[in-house]
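Order of appearance sets the numbers: ligands from 1, and atoms from 1 within every ligand.
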Amino acid sequence: MHDDLLKILLTKEQIQKRVAELGAEISQDYVGKDLVAVCILKGAMHFMADLTREIPIPLTIDFMAISSYGAGTKSSGVVRIIQDLDASISHRHVLIVEDIVDSGLTLKYLMDNLESRRPASLKIATLLDKPARRAVNVTTDYNGFSIPDEFVVGYGLDYNEKYRNLPFIGVLKPEIYTK
Ligand code: 5GP
């Protein structure tokens, strides 16, 4: 599997350390608040599992499954909700937990969708950010790492549903997705 990677961008240790920092920051900001952490499946699965274990204050978790990319490497901007939240978020403090913000189109759609459900507040935690590729104006509240414009996989992130199980984040060789 490593043969498909150009290089490792973030090691397991680097990710763990940064996720712990984010967890501490989030815990401070949400003391005494009714927090619901919303994992955006499937890419944010590992980030969500690790991040919530670094947040010792009470919270509930919920999941939303969306699809934006299909089999390609570019966002279409067309987002499909495959699985919606279980519980109402009305008057609750919602933290979206995302894997990566690229063009921002997916997040923009999600923000608009969740905002219409009248949460008390709506913030975003993303593990990765590719600021160079932003096409719409969305700002993240908790950002793990800003990364260059390269297609990455691992730690939940896939290409054609593969590589999600890698414990680190690596840059995929372009020949894998151009062939
Ligand atoms: P956006 O709508 O911001 O362009 O794209 C967001 C979604 O595209 C992410 O949630 C993720 O699923 C996917 N994505 C964007 N960049 C990458 C990348 O470098 N690697 C992988 N595996 N997925 C990406």
Side-chain angles (χ1 to χ4, degrees), residues 1-12 14-15 18-19 22 36-52 61-85 94-116 122-179:
M1 189 143 49
H2 296 204
D3 291 348
D4 294 353
L5 300 180
L6 213 52
K7 62 177 176 199
I8 293 178
L9 194 65
L10 297 164
T11 64
K12 187 177 170 180
Q14 284 173 304
I15 297 168
R18 187 67 187 121
V19 171
L22 290 177
V36 50
V38 172
C39 174
I40 308 303
L41 295 169
K42 300 172 188 171
M45 61 185 225
H46 293 311
F47 180 39
M48 176 75 165
D50 288 343
L51 182 68
T52 50
I61 63 173
D62 211 334
F63 297 91
M64 223 169 153
I66 58 165
S67 121
S68 56
Y69 265 16
T73 62
K74 294 254 162 24
S75 188
S76 60
V78 179
V79 180
R80 213 157 46 93
I81 296 182
I82 294 164
Q83 181 194 319
D84 207 343
L85 300 174
V94 176
L95 180 66
I96 299 176
V97 180
E98 224 341 348
D99 52 358
I100 185 166
V101 185
D102 189 21
S103 69
L105 290 166
T106 305
L107 204 52
K108 175 83 175 64
Y109 172 88
L110 271 176
M111 293 287 284
D112 291 347
N113 183 294
L114 296 182
E115 199 70 73
S116 72
L122 183 60
K123 286 191 178 183
I124 301 155
T126 186
L127 179 68
L128 306 174
D129 187 9
K130 281 190 203 168
R133 301 223 338 136
R134 200 69 91 254
V136 287
N137 189 20
V138 284
T139 39
T140 57
D141 302 281
Y142 306 96
N143 179 16
F145 303 90
S146 292
I147 63 164
D149 180 13
E150 292 177 301
F151 193 80
V152 293
V153 293
Y155 195 69
L157 289 143
D158 76 311
Y159 176 66
N160 269 352
E161 294 299 326
K162 279 168 67 186
Y163 313 105
R164 293 194 197 275
N165 55 321
L166 295 176
F168 51 81
I169 289 170
V171 177
L172 194 63
K173 283 182 181 164
E175 60 256 40
I176 304 289
Y177 53 83
T178 49
K179 72 184 170 192

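In Leu107, neither the side chain nor the backbone holds a heavy atom less than 4.0 Å from any atom of ligand 1.
Asp129 has a carboxylate O that lies under 4.0 Å from a charged side-chain N of Arg134, or vice versa, which qualifies the two as a salt bridge.
Atoms of ligand 1 found under 4.0 Å from any heavy atom of Asp99, numbered from 1 in the order shown, are 9 (C), 10 (O), 11 (C), 12 (O). With ligand atoms numbered from 1 in the order given, ligand 1 contributes 1 (P), 2 (O), 3 (O), 4 (O) to contacts under 4.0 Å with heavy atoms of Ser103. Residue-ligand proximity, Gly104 to ligand 1, at heavy-atom distances under 4.0 Å covers atoms 1 (P), 3 (O), 4 (O). Heavy-atom contacts of Asp158 reach the following atoms of ligand 1: 21 (C), 22 (N) (cutoff under 4.0 Å). Using a 4.0 Å cut-off to heavy atoms of Glu98, the atoms of ligand 1 that qualify are 10 (O). Remark: ligand 1 atoms within the under-4.0 Å shell around heavy atoms of Leu105 are 2 (O), 3 (O).
In plain terms, the two heavy atoms of Asp141 and Ile124 that are nearest each other are OD2-N, 2.8 Å.
For the residue pair Tyr159 and Asp4, no side-chain donor N or O sits within less than 3.5 Å of a side-chain acceptor on the partner.
Arg80 is linked by a salt bridge (charged side-chain N to carboxylate O under 4.0 Å, His left out) to nothing, counting only residues two or more places apart in sequence or in another chain. Partners of Glu115 under the salt bridge (charged side-chain N to carboxylate O under 4.0 Å, His left out) rule, at least two apart in sequence or in another chain, do not exist in this structure.
Between Val152 and ligand 1, at least one N/O pair is under 3.5 Å apart. No N or O atom of Val153 sits closer than 3.5 Å to an N or O atom of ligand 1.
A distance-only check finds no donor-acceptor pair linking the side chain of Thr140 to the backbone of Tyr142 [under 3.5 Å]. For Lys108 (side chain) and Ser103 (main-chain N/O), no donor-acceptor pair under 3.5 Å exists by modelled atom type. Checked by atom type and distance alone, the side chain of His46 never pairs as donor or acceptor with a backbone atom of Gly154 at under 3.5 Å.
Using 4.0 Å as the threshold, Phe151 has a heavy atom nearer than that to some atom of ligand 1.
Of the candidates Arg133, Glu150, Lys108, Lys130, it is Lys130 that places a heavy atom closest to atom 16 (N) of ligand 1.
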